[in-house]
Amino acid sequence: MLSITELLIALFLTLFIAHYFKLQWLRRRYPPGPAPLPIIGNLWTLNFVLHHEVLMQLAKTYGNVFTLWLGPKPVVVLNGCQAIRDGLISHSEELVGRPTIPTFHEMARGRGVVFSSGHTWKQQRRFGLTTLRNLGLGKKSLEARIQEEAQNLVDFFVTKKGKSLDPSLAIVHSVTNVISAVVFGHRFSRDDKEFHQLVEANDVIVSKLVSSWGRLFDAFPWLMRYLPGPHQDVFKSNAFVEEFVKKEIQCHKENGVPEEPQDVIDYYQAKIARDSHDVTSTFDEHNMVRLAADFFGAGTETTTTTLRWALLYMVKYPEIQENVQKELDDVLGECQILQYEDRKRLPYTNAVIHEIQRMSNIVPISGLRFNVKEISLQGFIIEKGSLIIPNLSSALFDPDHWETPQQFNPGHFLDKEGKFMSKEAFLPFSAGHRVCLGETLARIELFIFFTSLLRAFTVRLPEGVKNVIVDPIFGGTLQPHPYQICAVPR
């Protein structure tokens with residue numbers, strides 16, 4: 001007669017096998033992909049991390065539209081420029097949904113603009129776009145603020161007199177002050193303790209959000225919510241950022257809403273007051289906190305990281321740095337104020353900035369989507385409500401669209417006459433209706449900060465250092481390893 005232990009083992013094996021065959025049956029409804037295991041799906045195959053390079057390898061076996069199972073949930077992966085554009089642009093209206101992922105829900109509760117969906121997302125995004133325009137995006141007023149912060153960064157580098165330095169914190173400070181002025185109406189001093197705490201909190205969120213611990217939380221939130229680990233650090237850091245935003249909102253309340261709003265919080269408070277009787281409005285203090293946190297985090301991280309990569313690539317490729325400086329000198333001469341409009345007269349410099357964005361590939365995988373309607377994509381019927389993830393990295397390195405995809409080559413963005421040309425596979429900001437809200441701001445910042453630094457300095461390795469490490473650190477964004485440079489005044 002079987003013991004209780006043997007019966008339990010037999011029951012477990014029976015359930016395991018039944019679940020396995022159920023998964024094999026369900027797989028028939030989705031594009032092909034590696035066979036999932038019960039409970040963990042393909043997480044074991046992925047080493048519990050969604051890595052862009054692994055996805056590109058899987059695409060070689062299963063095609064550019066394939067399915068992975070993250071725990072019990074199937075996810076359709078879009079790989080390569082054509083599949084991504086077919087999904088994000090041709091089906092832009094259908095692919096606007098943001099699924100309820102446990103880690104993201106724990107952070108945002110469906111609020112704000114990054115992790116929200118449906119009616120909330122539409123209202124918050126429309127407000128964000130309108131407010132950025134009202135605050136001067138694309139106009140001289142905001143550009144002047146960026147020019148001022150770029151000059152402050154140059155002035156800080158000057159104080160180092162060409163000696164070795166880690167540029168990261170200085171870059172973070174200057175970029176943060178741009179978005180801080182937009183969202184909160186003020187800038188931070190370089191020695192502000194709260195500024196350093198915010199930087200540290202943002203670093204924790206970015207570095208640990210997409211770790212294997214995050215994927216375990218997504219698969220088993222009922223268990224991981226109570227277990228210690230790096231995922232708890234993410235939630236604590238997120239809470240710190242939100243508390244900071246709440247204090248900023250309280251200061252604005254105490255000062256009252258000005259006749260002419262000066263920042264995002266001013267505009268949001270005015271919007272809450274105007275829509276107070278609208279039952280369809282999603283404008284409340286909870287969404288204000290989340291939207292401000294979204295703006296602050298996204299507006300700091302991506303531009304900061306790209307500029308760090310920019311200086312590293314200029315150190316690695318001094319001949320390209322010299323060509324940029326020559327073009328800047330020849331075209332701009334002694335002109336002191338750089339403007340975003342100048343990019344049209346600086347095709348090589350513009351091409352270098354774009355190639356930095358392509359090679360640094362800082363957001364390799366776009367945020368998870370779901371389709372609000374059934375779609376036909378690359379010969380597959382994707383049923384309504386399917387989870388979809390675009391592997392942006394695969395477009396940025398697609399050999400069908402780049403002559404030397406694995407090499408740093410500004411010529412990717414230049415025609416035979418040396419004029420700048422855009423490329424359809426250049427999708428660092430994603431595409432479609434969920435394209436990065438701050439794309440225009442990021443483009444202006446990258447151009448003005450980068451050109452301001454290279455006009456003023458030649459960046460080199462410190463004496464005795466010979467190796468330039470361009471392999472990234474994998475996290476929420478692809479970060480360069482810490483490095484030192486010498487910014488030698490020209």
**Study point:** ring pair (Phe, Tyr, Trp, His ring centres under 6.0 Å) partners of residues 284-312, not counting sequence neighbours, each pair once
**Key:** Phe184-Phe296, Trp309-Tyr313
Side chains of [X] and [Y]: does their closest heavy-atom pair fall under 4.5 Å?
| X | Y | result |
| --- | --- | --- |
| Ile179 | Val175 | no |
| Val470 | Met359 | no |
| Leu332 | Leu346 | yes |
| Glu341 | Arg343 | yes |
| Phe104 | Asp218 | no |
| Phe474 | His52 | yes |
| Glu149 | Phe449 | yes |
| Trp121 | His433 | yes |

Rounded distance (nearest 0.5 Å) linking atom [atom1] of [X] with atom [atom2] of [Y]:
| X | Y | atom1 | atom2 | value |
| --- | --- | --- | --- | --- |
| Thr440 | Arg133 | OG1 | CZ | 9.5 Å |
| Leu291 | Leu437 | CG | CG | 8.0 Å |
| Phe413 | Gln357 | CZ | CD | 8.0 Å |
| Leu446 | Tyr340 | CG | OH | 9.0 Å |
| Leu427 | Cys81 | CG | SG | 6.0 Å |
| Leu88 | Leu78 | CG | CG | 6.5 Å |

Please enumerate all residues that pass salt bridge (charged side-chain N to carboxylate O under 4.0 Å, His left out) together with [X], with sequence neighbours excluded.
| X | answer |
| --- | --- |
| Glu319 | none |
| Glu355 | Arg358 |
| Asp342 | Arg345 |

Exercise for review: Kindly write out the residues that satisfy side chain to side chain donor-acceptor pair (under 3.5 Å) with Asn350, not counting sequence neighbours, or none if the list is empty.
Suggested key: His354
Check your understanding: Can you name the side-chain contact (heavy atoms from CB on, under 4.5 Å) partners of Val204, sequence neighbours left out?
Key -> Lys208, Asp233, Ser237
Point to revise | Any residue meeting side-chain contact (heavy atoms from CB on, under 4.5 Å) with Ala270, in chain and number order, not counting sequence neighbours | key: Val257, Arg274
Exercise for review: Go through Phe380 and Val76 one step at a time and tell me if the side-chain contact (heavy atoms from CB on, under 4.5 Å) criterion holds.
Suggested key: CA-CA 11 Å; Phe380 297 101; Val76 177; over 6 Å; no
Checking the side chain of [X] only, and the main-chain atoms of [Y] only, is there a donor and an acceptor separated by less than 3.5 Å?
| X | Y | answer |
| --- | --- | --- |
| Asn287 | Thr282 | yes |
| Glu327 | Thr349 | yes |
| Ser117 | Arg98 | yes |
| Thr477 | Ile362 | no |
| Gln325 | Leu454 | yes |
| Ser394 | Asn391 | yes |
| His481 | Ile469 | no |
| Tyr483 | Arg308 | yes |
| His412 | Thr404 | yes |
| Ser276 | Ala273 | yes |

Review point. Does anything in residues 421-433 pair up under salt bridge (charged side-chain N to carboxylate O under 4.0 Å, His left out), and if so which pairs, sequence neighbours excluded?
Key: Arg85-Glu424
Revision key, fill the gap. So salt bridge (charged side-chain N to carboxylate O under 4.0 Å, His left out) across residues 437-449, not counting sequence neighbours, yields Glu439-Arg443
**Study point:** side-chain contact (heavy atoms from CB on, under 4.5 Å) partner of Thr300, chosen from Leu198, Thr305, Thr176, Asn177
**Key:** Thr176
Practice item. Evaluate side-chain contact (heavy atoms from CB on, under 4.5 Å) for Leu55 paired with Leu50, printing each intermediate quantity in order. Key: CA-CA 8 Å; Leu55 299 185; Leu50 263 180; 3.9 Å; yes
Which atom pair, heavy atoms only, marks the closest approach of [X] to [Y]?
| X | Y | result |
| --- | --- | --- |
| Leu135 | Val182 | CD1-O, 3.6 Å |
| Pro399 | Pro405 | CA-CG, 4.1 Å |
| Ile448 | Ala150 | CG2-CB, 4.0 Å |
| Thr103 | Gly214 | CG2-O, 3.5 Å |
| Gly418 | Pro347 | O-CB, 3.5 Å |
| Lys246 | Val289 | CG-CG2, 3.8 Å |

Practice item. Verify the distance criterion only: is there a donor paired with an acceptor across the side chains of Ser116 and Gln124 at less than 3.5 Å? Key: no
Practice item. Begin from the C-alpha positions of Tyr267 and Lys271 and carry the test side-chain contact (heavy atoms from CB on, under 4.5 Å) through to its verdict. Key: CA-CA 6 Å; Tyr267 276 102; Lys271 181 67 172 173; over 6 Å; no
Exercise for review: Run the numbers on Phe370 and Ile382 for side-chain contact (heavy atoms from CB on, under 4.5 Å), then give the verdict.
Suggested key: CA-CA 10 Å; Phe370 73 83; Ile382 313 296; over 6 Å; no
Which atom pairs, one a donor and one an acceptor, fall under 3.5 Å between side chains of residues 56-71 and the rest of the protein, sequence neighbours left out?
from: Asn64; atom 1: OD1; to: Asn79; atom 2: ND2; distance (Å): 3.1
from: Thr67; atom 1: OG1; to: Pro31; atom 2: O; distance (Å): 2.7

Practice item. Only pairs at least two apart or in different chains count here, so list each side chain to side chain donor-acceptor pair (under 3.5 Å) that has a residue in residues 360-385. Key: Arg29-Glu383, Asp86-Gln378, Asn361-Ser393, Ser366-Ser430, Arg369-Ser430
All N/O donor-acceptor pairs, side-chain side in residues 105-113, below 3.5 Å, sequence neighbours left out:
from: Glu106; atom 1: OE1; to: Arg225; atom 2: NE; distance (Å): 3.4
from: Glu106; atom 1: OE1; to: Arg225; atom 2: NH2; distance (Å): 3.2

